[in-house]
Amino acid sequence: MSKSIVKELTRLGNTDHTGLLNPIDRPLSYGTAGFRCLATDLPFVVFRVGALAGLRARQLGQCIGVMITASHNPMLDNGVKVVDPMGEMLVEDWEVHATEFVNAKDDEVAAVIEKLEHLVKEGQLNASETPQGKVFCAFDTRDSSQYLHDAAKKGCEFVGTEFVSLGLLTTPQLHYSVRCENDPTFGMAGELGYYESLSNAFNALNKNIDAPNYDKMLVLDCANGVGASKFRKLLGRIDSELLEVEFTNETGSLNYKCGADFVKILRSFPEGLDAAMGVRCASFDGDADRLVYFYRDTNGFCRLLDGDKIAALIAGFIQSEVDAAGLTGQFKIGAVQTAYANGNSTAYIRDVMKIPVDCVPTGVKHLHHAAIKLDIGIYFEANGHGTVVFSQLFKDAISQGDQDNVHLKKLQLFTKLINETVGDAMSDLLVVETILRNNNWSVEDWDAIYEDAPSCQLKVEVKDRTVVKTTWDETECTHPAGLQKEMEELIIANGAGRAFVRPSGTEDVVRVYTEGTCEENAKVLANAVAHLVQKYCA
Ligand code: G16
């Protein structure tokens, strides 16, 4: 950890890490990614979140996770989020408690803790024995992460709950471990269990498949994040006849000019990666919960295969395996996207593949909730964050069916290969590679399943991004009044397309997304909308 950051954190967060006192004069809110801001603002926040997680663990008598990361954000940011017992995001009413706890003035903290202790007691009344609960905590490679981990430990111990440090992990590895700890049928908690389960499933799904169009060589941009060392460990358990990886961006500046977010937004190659034509490349983000693919086309341009294309690839594979296994029509299969999904991906999945598509607000918790209503719920955000979830009904059917049916077997292995708890770049990468080999596809074959509608994404810096408000599904802007109307006039003047804006939950910006008749047209529209945002937010 760099000495200056420790010094600064210590100054702001008390020497013993407790940071109980709130030195911030602006409200913080538990959003899609938990609390996220400059690391120097976080010690007291993480201390309180550690305490909150400890109370939640005791309320349920189960293991709860605390992840310290700011994902794709720059090195100087950090964040903290809580993982609920099944590896899912924190339940909504506890998000409200978290916001209240963190914003409590110094003289209000005791009352908030008392209220939460009351919830713990209520939880314990409903339990047959007094549950203890524990907290698993992990962190990413940021300079501030270890320090903040210590603050979480102090907070958790402050409320008397056992704290177990899992050290440096990817975010999805922590989600997976929490789930396994509470539900051992899911797998073995911890890094080793994770590697075993994924590599066994991958090796079994890929062996003895003759796929001349599939090239086992992949170039991987690790965003200089935690995914680099963790994917090396996972790869060490994978048959080298099946997959070879050239690693780039392993130890440089975190997320700087590289990583999934950089490649997705700029649609260009990350720094440090110069791929030859047609070579399959992939990018993780800083905490390895997002994945995008890309390659250099015959014109030398970077072609992006984002979360939408990954979703379409997975949906096609699952649908054909379900049909081949003789299960057609027996289970509800669906895809879940957000308003950011490329219009042509939605049309392809819904109209060509005939798989229903649901649209929900940004944030993995919204996608996850919609997906678990299905037997096979495929959810992906365009930014590369997504996974597949299966109902118990479906899992029982594939495990109790005819074990000589190779397609049932494949589906069983697939449920082990994908990390159902949350979007996971390492697991999703192995899923994509498996499907490409099974389909005997090159990256160009995959890219050709549909053509993306020309689109553009921009970030607009404004004084206060929270003045921008949208409808539930984020497709229309409700505030500031007049902005939506002027945007619609711009779309008409532009000749075609769509446009929407929303405040980011992880960065101090308003995001603009447009689609148009061609790249230039989408870009012109995006720039015009960005000017409108600046005007209305001035
Ligand atoms: C987090 C959430 C993602 C969501 C993203 C949105 O991503 O986990 O589900 O898509 O925030 O960010 P924004 O609101 O800035 O567009 P991550 O990868 O940063 O944890």
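Values reported hereafter were calculated over all heavy atoms of this structure, with side chains retained and with hydrogens, waters and symmetry mates removed. Atoms within each ligand, like the ligands themselves, are counted from 1 in listed order.
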Quick one, Ser504 and Lys459 - any side-chain contact, counting heavy atoms below 4.5 Å? no
Hey, are Arg290 and Asp261 close enough for a salt bridge, meaning a charged N less than 4.0 Å from a carboxylate O? yes
Side chain proximity check, Arg280 to Trp446, heavy atoms < 4.5 angstrom: no
Within the 4.0 Å heavy-atom shell around Asp285, which atoms of ligand 1 are there? 18 (O)
Taking the side chain as everything from C-beta on, heavy atoms only, tell me whether His72 gets closer than 4.5 Å to Glu507. yes
When you check the gap from the basic side-chain N to the acidic O, do Glu420 and Arg179 get nearer than 4.0 Å? no
Heavy-atom proximity to atom 9 (O) of ligand 1 ranks first, among Arg511, His385, Glu381, for Glu381
Atoms in ligand 1 flagged as close to Ser504, the criterion being non-hydrogen separation under 4.0 Å: 13 (P), 14 (O), 15 (O)
May I ask you to list the atoms of ligand 1 that are less than 4.0 angstrom from any heavy atom of His72? 17 (P), 18 (O), 19 (O)
May I ask you to check whether Val364 has an N/O atom sitting below 3.5 Å from an N/O atom of ligand 1? yes
In this structure, does ligand 1 have an atom that sits under 4.0 Å from one of the heavy atoms of Arg502? yes
Quick one: look up the protein heavy atom nearest atom 5 (C) of ligand 1 and list residue, atom name and how far away it is. Arg290 NH2, 3.7 Å
Are any non-hydrogen side-chain atoms of Glu515 and Ser455 less than 4.5 angstrom apart? yes
Give me the nearest non-hydrogen protein atom to atom 6 (C) of ligand 1 as residue plus atom name, then the distance to 0.1 Å. Thr362 CG2, 3.7 Å
Strictly below 4.0 Å, N to O, side chains only: are Arg303 and Glu451 in salt-bridge contact? yes
So for Asp289 against ligand 1, with non-hydrogen atoms under 4.0 Å, the contacting part is side chain
N/O of Ser71 under 3.5 Å from N/O of ligand 1, yes or no? yes
May I ask you to check whether Arg36 has an N/O atom sitting below 3.5 Å from an N/O atom of ligand 1? yes
Do Met89 and ligand 1 have an N or O pair less than 3.5 Å apart? no
Just wondering, more than 12 heavy atoms not from Lys365 lying within 6.0 Å of its NZ? yes
Considering heavy atoms of the protein only, find what lies nearest to atom 11 (O) of ligand 1 and give residue, atom and distance to 0.1 Å. Thr506 CG2, 3.4 Å
Are the side chains of Asp221 and Phe284 in contact, using a 4.5 Å heavy-atom criterion? no
Should the proximity of Thr338 to ligand 1, defined as any heavy atom under 4.0 Å, be assigned to the side chain, the backbone, both, or neither? neither
